[in-house]
Amino acid sequence: MAGIEDPITVIASPGKVLIVGGYLVLNKSYSGLVISVDARVYSAVRTISHTQNTPTSQFSVKVNSFQFTDGFWEYIVKRSVEADGSLTTSVVQVENEHSTKNKFIHTVLETVFWIISHRNPEEINNLCDKSSTVSIVLGTDNDFYSQRSHFDSPSPSSQSIVKSDSQNNFISIEQLQSLPRFNLTNSTIGNVHKTGLGSSAALVSSLTASLLLHFGIVSKSSFATFTQLNPKAKVTSFEKLSTSSELAFKDNDRNIINSSDWHSKINNFDLKLIHNASQFSHCLAQGKIGSGFDVSCAIYGSHIYNRFSPSLIQSAMTLPNSRSVNFVVDPSNSKFDSKVQKVFLPHGLHLVLVDINSGSNTPSMVSKVLAWKTEFPDEGSQIWESISSKNDKVCTLFEKLDQLYTNNPESYTAALDLCSTHPAAEWGLLVGKCADLISIQVIYILIEVFNTSNEIRRLMKRMGDLSGVPIEPDQQTSLIDKCLLFPGVVMAGVPGAGGFDAIYCIVINESTRYDLVNSYIFKENSELTVTPLVCEEGDKDHDGCVLVDTDIDILYSHFS
Ligand SMILES: Nc1ncnc2c1ncn2[C@@H]1O[C@H](COP(=O)(O)OP(=O)(O)O)[C@@H](O)[C@H]1O
Ligand SMILES: C[C@@](O)(CCOP(=O)(O)OP(=O)(O)O)CC(=O)O
């Protein structure tokens, strides 16, 4: 009989956009600059205990990702005792004729219950004794998936009756915003059209975090708290981390945003445990070791990232068990050596994302680029070194902009306002209109960002041509070039691995964002089907994984 209900725990993790560092970030010596967005995957967990049942040595887990037609999975977690007397678990899917596999969810459950059996075995005993059911509901923000089908041909079961502009098939931000939150996809997970925000990394990270928090392995105070579900929700508290859960700060060679909260957060043991466990589960589930920038972003938000040494995870992936996994994910394991240097988009700059309704196969692009680099090591290294120095320059220029804003917000804002109404090619002429040195410096730095990012694009496209990979396909090039002529656009390019997934723009002021997405560039594009995404860069105070401290009826209504 169902009885005592535990409180519900909800953690949300953001999607990502790698604006600088595609391919290079696979190598530990090169950095990537990843920006998190305010579109998130939410994992809600609650435990239902069956107090009158006879104690058993297992409990069940039910996962409902209700936006998909095949989004339901059930597992049994079995408890056993190792030869050394320690407790361990195994997770077995309960299969029926309709069930599908979800490697990411299954792997997270295995990893997390190994961590719980190691760190708090009593919790596992408790779940078994009460024959508990751990019920999980997943909610994914609409931007992770193309919403075109809801406009093009609304089916009777579709939740939307809004039509796209019949003349050009353009869908506006306002139309997208009119869709219900956590819109049903009317699709299986396998067939859904992804927009490239990194759904699996956000899922793995939020699920790992919510389970570890729900079962008391990590503490609430390690998270920023999100008190409203609606877009533009504001954080009201970021509790200071307890000294016991902090590591000594490491020296970093770059100037990081100087917030002691952020230092604490990056070095916080709880978040490190969540990070390491999520990276491990993500690699194991996808059967390969990527750079991990997406998982890192899903936890820490926007930052400059250097990857961890893959050998550590590689060895534990061969025969994962409680012992090997707990060793790998331990926050004090110095071999888990990825680096996170917190940065944000400079003040007044905003992210615009546009989905290209096509999609690319990242793993095959990666293997071709790496094969080319192995075959032509001299030319490959030369191009990578060149790209890397320009990537680093963009990071440094961002930091300089933020410094100038801190020094003199008025002059900084005046310069941005001036540039926002002119295309970058005219910014040099605006210097004469500046009232002070700070404004002039800001304009020169914006010009440098614009030029440097274009040089990166040129080199990335060349690398694509040399390796036979469409890193920046010609159709994207013409779209990006048009964006770069638009007033107030500072950067534009293909994020991550490139290809036909999406383009990003960094623009000055919210008004440019609005004007650009509603401009002729996207409305009258005949070569590609382009759709803007609603999401923006994550808010500074809560751009990583967040504890959602409010009731979310849409999610709660899907608990079994
Ligand atoms: N909301 C979700 N609910 C359930 N599973 C999900 C969800 N989002 C992602 N996944 C899992 O992640 C897989 C997609 O991973 P992948 O193809 O690597 O895409 P991405 O690049 O978006 O991470 C899905 O097949 C599914 O197993
Ligand atoms: C090539 C890469 O450096 C970046 C790929 O970035 P994307 O953002 O394109 O990733 P997907 O979500 O897998 O499509 C590979 C890596 O870093 O793992």
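Counting starts at 1 for both ligands and their atoms, in listed order. We count residues from 1, following the sequence as given.
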Whether Ser99 side chain and Asn96 backbone form a donor-acceptor pair below 3.5 Å: yes

Kindly assign one of parallel, tilted or perpendicular to the pair His542 and Phe226, based on the angle between their ring planes and the thresholds 30° and 60°. tilted

At what distance, to the nearest 0.5 angstrom, does CZ of Phe72 lie from NE2 of His558? 13.0 Å

Taking only heavy atoms of Gly290, which atoms of ligand 2 are found under 4.0 Å from at least one of them? 18 (O)

For atom 8 (N) of ligand 1, what is the closest protein heavy atom, and at what distance to 0.1 Å? Tyr145 OH, 3.4 Å

Counting each atom of ligand 1 from 1 as listed, which ones have a heavy atom of Leu138 under 4.0 Å away? 3 (N), 4 (C)

4.0 Å heavy-atom contact, Phe66 with ligand 1: no

Any Phe68 heavy atom less than 4.0 Å to ligand 1: yes

Sub-4.0 Å heavy-atom contact, Val41 with ligand 1: no

Does either side chain, that of Asn191 or that of Thr188, offer a donor lying less than 3.5 Å from an acceptor on the other one? yes

Between the candidates Asp501, Asn102, Thr188, which shows the shortest non-hydrogen contact distance to atom 26 (C) of ligand 1? Asn102

Looking at ligand 1, would Lys103 count as a contact under a 4.0 Å heavy-atom criterion? no

Shortest protein heavy-atom distance from atom 10 (N) of ligand 1, along with the residue and atom involved: Leu203 CD2, 3.6 Å

For atom 3 (N) of ligand 1, what is the closest protein heavy atom, and at what distance to 0.1 Å? Ser65 OG, 2.7 Å

Can you check side-chain hydrogen bond (donor to acceptor under 3.5 Å, both in side chains) on Ser324 and Asn321, steps first, answer last? CA-CA 5 Å; Ser324 62; Asn321 57 39; 3.1 Å; yes

Check each of Thr100, Ile189, Asn64 against atom 4 (C) of ligand 1 and report the one with the nearest heavy atom. Ile189

Taking the non-hydrogen atoms of Tyr42, is any one of them nearer than 4.0 angstrom to ligand 1? no

Are Thr195 and Ser146 close enough that a side-chain donor and a side-chain acceptor fall under 3.5 Å? no

Got the closest protein heavy atom to atom 4 (C) of ligand 2, with its distance? Phe293 CE2, 3.7 Å

Kindly say whether Ile189 contributes a backbone atom to a donor-acceptor pair with the side chain of Asp70 at under 3.5 angstrom? yes

Record the part of Ser200 in heavy-atom contact with ligand 1 below 4.0 Å; permitted values are side chain, backbone, both and neither. both

Step by step, work out the side-chain hydrogen bond (donor to acceptor under 3.5 Å, both in side chains) result for Ser309 and Asp337. CA-CA 7 Å; Ser309 315; Asp337 54 356; 2.8 Å; yes

His350 and Glu537: side-chain donor and acceptor closer than 3.5 Å? yes

Residue and atom name of the nearest protein heavy atom (relative to atom 17 (O) of ligand 1), distance in Å to one decimal: Lys194 NZ, 2.6 Å

Protein contact of atom 14 (O) of ligand 2 - nearest heavy atom, named by residue and atom, plus distance: Thr362 OG1, 2.7 Å

Taking Trp73 for its side chain and Thr100 for its backbone only, find out whether a donor-acceptor pair lies under 3.5 Å. yes

Applying a 4.0 Å heavy-atom criterion (strictly less than), which segment of Trp73 is in contact with ligand 1: side chain, backbone, both, or neither? side chain

Consider ligand 2: state whether an atom of it lies below 4.0 angstrom from any non-hydrogen atom of Val366. yes

Between Gln147 and Asn183: side-chain donor-acceptor atoms closer than 3.5 Å: yes

Of the protein's non-hydrogen atoms, which lies at the shortest distance from atom 9 (O) of ligand 2, and what is that distance? Ala497 N, 2.9 Å

With no hydrogens and no angle check, do the side chains of Lys461 and Thr477 hold a donor and an acceptor under 3.5 Å apart? yes

Give me the nearest non-hydrogen protein atom to atom 1 (N) of ligand 1 as residue plus atom name, then the distance to 0.1 Å. Thr140 OG1, 2.8 Å

If you scan protein heavy atoms around atom 8 (O) of ligand 2, the nearest is Lys16 NZ, 2.6 Å

Which protein non-hydrogen atom lies closest to atom 22 (O) of ligand 1, naming both residue and atom, and how far is it? Ser199 OG, 2.7 Å

Does any part of the side chain of Tyr305, heavy atoms only, come nearer than 4.5 Å to the side chain of Leu18, both counted from C-beta? no

Glu379 CD: over 12 foreign heavy atoms closer than 6.0 Å: yes

Please state whether Gly198 comes within less than 4.0 angstrom of ligand 1, counting heavy atoms only. yes

Considering only non-hydrogen protein atoms, determine which one is nearest to atom 2 (C) of ligand 2 and report residue, atom name and distance to 0.1 Å. Tyr23 N, 3.8 Å

So between Ala201, Ser291, Gly15, Gly196, whose heavy atom ends up nearest atom 16 (C) of ligand 2? Ser291

